[in-house]
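A quick write-up on the structure given underneath.
Start at 1 and go down the list; that is how both ligands and their atoms are numbered. Computed over heavy atoms, backbone and side chain alike; hydrogens, waters and symmetry mates excluded.
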Amino acid sequence: MRVLVIGSGAREHALVLALRRDPAVTGIVAAPGNAGIAQHAQTRAVDPCSAEAVVALATDVAAELVVIGPEVPLVLGVADAVRAAGIACFGPSAAAARIEGSKAFAKDVMAAAGVRTAHSEIVDNPADLDAALDRFGPTWVVKDDGLAAGKGVVVTADRSAARDHGAELLEQGHPVLLESFLDGPEVSLFCLVDGETVVPLLPAQDHKRVGDSDTGPNTGGMGAYTPLPWLSPDAVTTIVEDVVKPVAAELVRRGSGFSGLLYAGLAMGVAGPAVVEFNCRFGDPETQAVLALLESPLGELLAATAAGTLAEVEPPRWRDGSAITVVVAAENYPGRPRIGDVISGAGDGALDDTAAVLHAGTALREDGALISAGGRVLNVVGVGADLAEARTNAYARITAIKLPGSHYRTDIGLAAVEDRIAVPDRASANSGRTRES
Ligand code: GLY
């Protein structure tokens with residue numbers, strides 16, 4: 001099977017590496033890819049958001065399966081165009097991708113499906129902002145009501161910071177979504193979904209703030225780990241049965257059945273899981289850790305999802321142990337990153353027994369030097385018999401990487417290793433507040 005992977009981040013690098021381990025995959029092309037992906041697949045400079053260009057490339061390289069990584073092409077209908085050209089595609093239709101592309105649509109689907117989520121209000125007029133803020137918080141959750149790669153979200157106990165962010169978004173012409181704050185540790189559960197068939201992957205946890213101990217602004221994700229030692233296997237079943245399956249069924253009922261990867265971002269509160277967000281694609285950087293533990297052939301799973309035969313495929317098998325991803329970011333990220341710096345020590349990206357370096361924002365300079373080309377530059381993935389060992393392996397590997405001005409979090413997965421995370425029970429709820437609807 002010849003596979004075309006669309007996207008250019010470390011998530012797509014991880015997809016390419018996992019596809020290479022599948023004996024049924026005979027060739028991989030990535031578009032546009034990055035300098036790391038180019039070490040493992042042919043890359044082609046094609047705009048991932050141009051349906052016409054993606055279809056032309058898929059036809060040119062005789063792709064039998066197109067895997068679309070990022071949300072923007074999905075929301076723009078690139079998967080529809082690929083399928084219309086008679087080529088199998090892993091990724092939802094534009095109609096189904098609205099679960100990520102329109103927060104109002106996602107809320108409506110969840111309400112109809114009886115799925116718990118935060119109470120929310122949309123503000124599209126600056127004159128309404130103050131009164132709306134008074135109906136929320138503290139803590140305030142202020143989001144860009146569109147696609148913002150995680151960076152449009154501010155979660156703060158400081159009302160003036162919440163107001164500033166809301167006012168800035170409105171000034172840019174973006175409607176603001178205010179949400180009630182959901183208690184409990186966060187879980188990212190990725191599910192392969194083909195209509196009403198739902199197959200969960202390993203649960204993971206993202207670290208969204210830029211600094212250690214969850215300080216500083218939100219980012220697209222600074223690191224992740226999987227599985228979650230503090231989450232019971234029953235909790236995954238509960239999420240699948242009470243959250244993902246009802247939403248998948250509601251999308252089918254509306255005539256926009258989901259085909260691809262449905263990412264449930266959840267807060268595990270005292271009353272059970274509540275949805276923070278749905279995404280219509282693999283999460284980044286959780287995927288890099290999750291796929292490092294996948295033993296089953298990825299191509300087979302993705303092709304079956306695309307073909308509507310997911311129910312006939314064996315559930316995924318996982319390597320024992322844990323994996324973590326640590327993101328190496330450019331100077332000033334998540335602000336405007338400095339780019340063009342030379343990187344050394346990144347290696348060739350292959351996962352050995354302990355670690356791999358995946359590329360996100362990288363490029364090759366004319367003289368062949370590897371340089372930074374984005375905010376999140378590299379991801380170091382560590383694997384180990386347990387989370388502590390995976391952390392040790394990732395952080396040992398990261399010391400060999402040199403990128404001027406770069407930074408990374410030193411505490412990815414640490415709270416879990418130190419047993420500082422627990423799903424709250426009713427007794428502990430008395431010391432906090434849940435504001436869920
Ligand atoms: N891990 C955050 C995201 O993929 O949106």
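Set against the non-hydrogen atoms of Asn279, the atoms of ligand 1 under 4.0 Å away are 5 (O). Proximity to Gly283 (heavy-atom distance under 4.0 Å) selects the following atoms of ligand 1: 4 (O). For ligand 1 and Asp206, the ligand atoms under 4.0 Å from any heavy atom of the residue are 1 (N), 2 (C).
Salt bridge annotation for Arg281-Glu12: absent, with no cationic side-chain nitrogen under 4.0 angstrom from a carboxylate oxygen.
Heavy-atom separations between Tyr263 and ligand 1 include at least one value shorter than 4.0 Å.
With no hydrogens or angles considered, no side-chain donor-acceptor pair links His359 and Asn34 at under 3.5 Å. A donor and an acceptor atom, one from each side chain of Tyr263 and Glu286, are located under 3.5 Å apart.
For the pair Leu387 and Ser322, the tightest heavy-atom approach, listed with the atom from each and the gap, is N-OG, 3.3 Å.
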* Stepwise side-chain hydrogen bond (donor to acceptor under 3.5 Å, both in side chains) test for Thr305 and Asp194 -> CA-CA 5 Å; Thr305 307; Asp194 146 21; over 6 Å; no

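Using a 4.0 Å cut-off between heavy atoms, Arg281 contacts ligand 1 through its side chain alone, with no backbone atom that close.
Considering backbone and side-chain N/O atoms, Asp284 comes within less than 3.5 Å of an N/O atom of ligand 1.
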